[in-house]
Colleague: 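This is the structure, below, for whatever I ask next.
Atoms within a ligand are numbered from 1 in the order they appear, just like the ligands themselves. Just so it is clear, the values below take in all heavy atoms, side chains as well, and ignore hydrogens, waters and symmetry mates.
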Amino acid sequence: SMEWTPVGALTQDSKEKEVLIRGRVHITRPVSKNMAFVVVREKGFTVQCLVTTQGEGVSRQMVKFVAGLNRESIVDAIGVVSVPGNPIKGTTQQVEIHVRKLYCVNKALPSLPINVEDAARSDAEIEAALQSGDKLPRVNQDTRLNFRVLDIRTPANQGIFRIQCQVGTIFRQFLLTEGFVEIHTPKLIAGSSEGGSAVFKLDYKGQPACLAQSPQLHKQMAICGDFGRVFEIGPVFRAEDSYTHRHLCEFTGLDVEMEIKKHYSEVMDIVDKLFVTMFDSLNERCQKELEAVGRQYPFEPLKYKPKTLRLTFEEGVQMLKDAGVEVDPLGDLNTEAERKLGQLVLEKYDTEFYILHRYPLAVRPFYTMPCYDNALYSNSFDVFIRGEEIISGAQRVHVPEFLAERAQSLGIDVNSISTYIDSFRYGAPPHGGFGVGLERVVMLFCALGNIRKTSLFPRDPQRIAP
Ligand code: ATP
Ligand code: AMO
């Protein structure tokens, strides 16, 4: 009995060896009654298989059968690896399999809603074809998402979700070595965790409840319970109204919370080390995946520094002002101003990754610690990639009376978070943390322009299926 060789592992080293592969029928190319080609694809890798009656044990009937296979059907093929004289066009592997046997393991429909070959094309290829008079089909985003199972078979999508897996893995590995404990907090909670209206409400056995908008309250309570440093990777639910390129109604939060000894810069130090390690590791571990993404969606590698730039909000406002952009010095930056500041930072500091800290208190959530020297500002920060936010973080208020007062003054139902506020009455250490949007990190690292591309089955204000 033979073992299966992954298509991606077929190299010239396998020359003249007999191999068994399993993959999908990517394309069939009938040549004559006696000969057909079939390209077999496995996880984004493709190899050309030749079926000819000149080969051992291959009948005309088999050639006909292979030529008639529906695309995306799953096949097992046994054959001998050969290395043709000329380079093979249109496959990732530079060898050919001379097929002896081929079995159809499972048949796909004869007509599919998405052709994976079409879905894998870059805009540049489609344009180039148009120039030379050919019209190639363009698969639009909604069709991709409606038939996502087919769409995610493209090499770029295979790359995107393998990169996403690495972002989570590196996050976990880094924090474990820094002494953080992984926790799992409830997603069914009594009140809103971030305030505001973007919350999914539900009925919890007769009691009003919410889907957690973040693990904010419970990750802080874990610090009150003496874990010192914690992190969580889990779902976050936001009933966002607006349909934007960067908001989902369900996303994956990478959350961190830690005791602080002296200053909230200790939290920013973790952000800095974590993300520099993350970007270095992604560039090292995911070369193939990054290339696959870049072939369909070309992008420039992210510019970042070994030590991450930190600017205060006031400095940012000043840079914008100097460039002729007036913003409220005590308000939030809108999307446009954030982008503009990203450009200015790139020009001045040659980096596309930076931390903006000391935000105005008025634009931050109720649990944010004001600055000790000026209560108009806060011990908080946002982090940007290519001018878009990927992280919010801050030192937290750990004095219960003040926390209750802050929540109340921002119109939050204090009763619904009373157990959270009480946690600080039993003695709470100074602490802070941050939350990262996983889909945003991948979207911005690869400059993909739309968060739906980095969510396997995206939930946005208009979509809850598939
Ligand atoms: P946070 O995570 O802090 O909530 P976010 O990235 O989810 O940040 P918001 O807080 O929702 O973004 O908004 C940040 C800024 O982006 C807001 O000040 C707002 O001006 C702008 N913004 C939000 N939604 C939209 C939208 N649909 N169109 C244009 N700008 C928007
Ligand atoms: P914030 O609300 O800024 O902070 O969320 C943290 C990060 O989550 C991502 N994010 C989103 N991603 C996709 N779709 C959305 N609708 C969406 N909203 C937010 C962003 C954002 O930076 N509790 C605080 C974090 C903390 O202080 O620890 C919080 O939730 O990348």
Side-chain angles (χ1 to χ4, degrees), residues 164 167 171 175 180 183 185 187 189 192-200 210-223 229-258 260 264 267-268 270-271 274-275 278 332-333 335 338 353 355-357 359 361 363-369 378-397 412 417 420 431-445 448 450-456 458-463:
Q164 192 190 74
V167 172
F171 179 82
L175 292 170
F180 286 77
I183 59 168
T185 64
K187 303 306 155 202
I189 60 178
S192 111
S193 59
E194 294 294 322
S197 59
V199 58
F200 286 106
C210 300
L211 286 177
Q213 289 166 302
S214 65
Q216 187 62 37
L217 310 184
H218 295 86
K219 70 176 179 175
Q220 285 189 256
M221 288 161 84
I223 296 300
R229 305 180 130 192
V230 297
F231 73 95
E232 176 165 3
I233 301 179
V236 173
F237 303 94
R238 306 264 170 110
E240 305 281 0
D241 303 319
S242 46
Y243 187 91
T244 77
H245 76 281
R246 66 194 176 97
H247 288 94
L248 294 168
C249 289
E250 179 176 348
F251 64 93
T252 305
L254 307 176
D255 270 82
V256 168
E257 201 66 23
M258 59 190 266
I260 292 175
Y264 70 99
V267 183
M268 297 195 288
I270 292 289
V271 170
L274 167 61
F275 276 84
M278 169 103 63
D332 210 347
L333 298 178
T335 308
E338 285 178 348
F353 178 68
I355 302 175
L356 193 64
H357 66 112
Y359 267 70
L361 182 65
V363 303
R364 305 300 287 200
F366 72 95
Y367 49 75
T368 310
M369 183 67 96
S378 60
N379 288 354
S380 68
F381 57 90
D382 274 5
V383 183
F384 296 88
I385 296 183
R386 305 187 203 262
E388 293 197 56
E389 177 199 320
I390 57 153
I391 302 177
S392 284
Q395 182 179 353
R396 325 299 186 182
V397 175
I412 287 159
I417 55 167
Y420 162 73
H431 64 286
F434 57 93
V436 187
L438 173 64
E439 294 82 356
R440 285 199 191 173
V441 172
V442 180
M443 167 178 86
L444 291 159
F445 189 71
L448 286 165
N450 193 322
I451 199 162
R452 288 160 193 77
K453 286 199 172 80
T454 58
S455 173
L456 198 56
R459 263 73 187 111
D460 68 29
Q462 292 166 16
R463 180 178 288 279

Colleague: What residues, two or more places apart in sequence or in another chain, satisfy ring pair (Phe, Tyr, Trp, His ring centres under 6.0 Å) together with Phe434?
Modeller: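 By the ring pair (Phe, Tyr, Trp, His ring centres under 6.0 Å) rule, Phe434 matches no residue at all.
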
Colleague: Can you tell me which portion of Phe251 lies within the under-4.0 Å heavy-atom range of ligand 2? Options are side chain, backbone, both, or neither.
Modeller: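 The answer is the side chain of Phe251.
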
Colleague: Going by heavy atoms, is Glu439 under 4.0 Å from ligand 2?
Modeller: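 Contact check Glu439 vs ligand 2: negative.
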
Colleague: If the contact criterion is a heavy-atom separation under 4.0 Å, does Gly253 count as touching ligand 2?
Modeller: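 Per 4.0 Å heavy-atom rule, Gly253 does not contact ligand 2.
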
Colleague: For the residue pair Ser192 and Val199, what are the closest heavy atoms and their distance?
Modeller: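 Ser192 and Val199 have their closest heavy atoms at CB-CG2, 4.2 Å.
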
Colleague: Suppose we screen for side chain to side chain donor-acceptor pair (under 3.5 Å). Which residues come up paired with Gln395, at least two apart in sequence or across chains?
Modeller: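 Tyr372, Asn379.
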
Colleague: Between Arg459 and Glu439, is there a side-chain N and carboxylate O pair less than 4.0 Å apart?
Modeller: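 Looking at Arg459 and Glu439, the cut-off is not met.
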
Colleague: Is the contact between Arg238 and ligand 2 made by the side chain, the backbone, both, or neither, using heavy atoms and a 4.0 Å cut-off?
Modeller: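 Arg238 to ligand 2: side-chain contact only, backbone stays beyond 4.0 Å.
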
Colleague: Distance under 4.0 Å to a non-hydrogen atom of Ile390: what atoms of ligand 2 satisfy this?
Modeller: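 By the 4.0 Å cutoff, the relevant atoms are 20 (C), 21 (C), 22 (O), 31 (O).
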
Colleague: Heavy-atom pairs closer than 4.0 Å: do any link ligand 2 to the side chain of Ser392, the backbone, both, or neither?
Modeller: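 Near ligand 2, Ser392 shows its backbone as well as its side chain.
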
Colleague: Just how far is it from atom CD of Gln164 to atom CE of Met443, taken to the nearest 0.5 Å?
Modeller: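 One gets 12.5 Å once the value is rounded to the nearest 0.5 Å.
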
Colleague: Is it the side chain, the backbone, both or neither of Tyr367 that has a heavy atom closer than 4.0 Å to ligand 2?
Modeller: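 Side chain only; the backbone of Tyr367 stays clear of ligand 2.
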
Colleague: For Ile451, which part has a heavy atom under 4.0 Å from ligand 2: side chain, backbone, both, or neither?
Modeller: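 Side chain only.
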
Colleague: Give the minimum heavy-atom separation between Met369 and Arg396, together with the two atoms involved.
Modeller: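 Closest heavy-atom pair between Met369 and Arg396: CE-O, 3.5 Å.
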
Colleague: Non-hydrogen atoms of Met443 versus ligand 2: any pair closer than 4.0 Å?
Modeller: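 No.
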
Colleague: List every atom of ligand 2 that sits less than 4.0 Å from any heavy atom of Lys219, numbering the atoms from 1 in the order shown and giving each element.
Modeller: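 Answer, ordered by atom number: 26 (C), 28 (O).
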
Colleague: Heavy-atom contacts under 4.0 Å between Arg396 and ligand 2: side chain, backbone, both, or neither?
Modeller: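 Near ligand 2, Arg396 shows its side chain, while the N, CA, C and O stay back.
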
Colleague: I need the minimum non-hydrogen distance between Pro461 and Cys249, along with the two atoms involved.
Modeller: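 The pair with the smallest heavy-atom distance is N-SG, 3.7 Å.
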
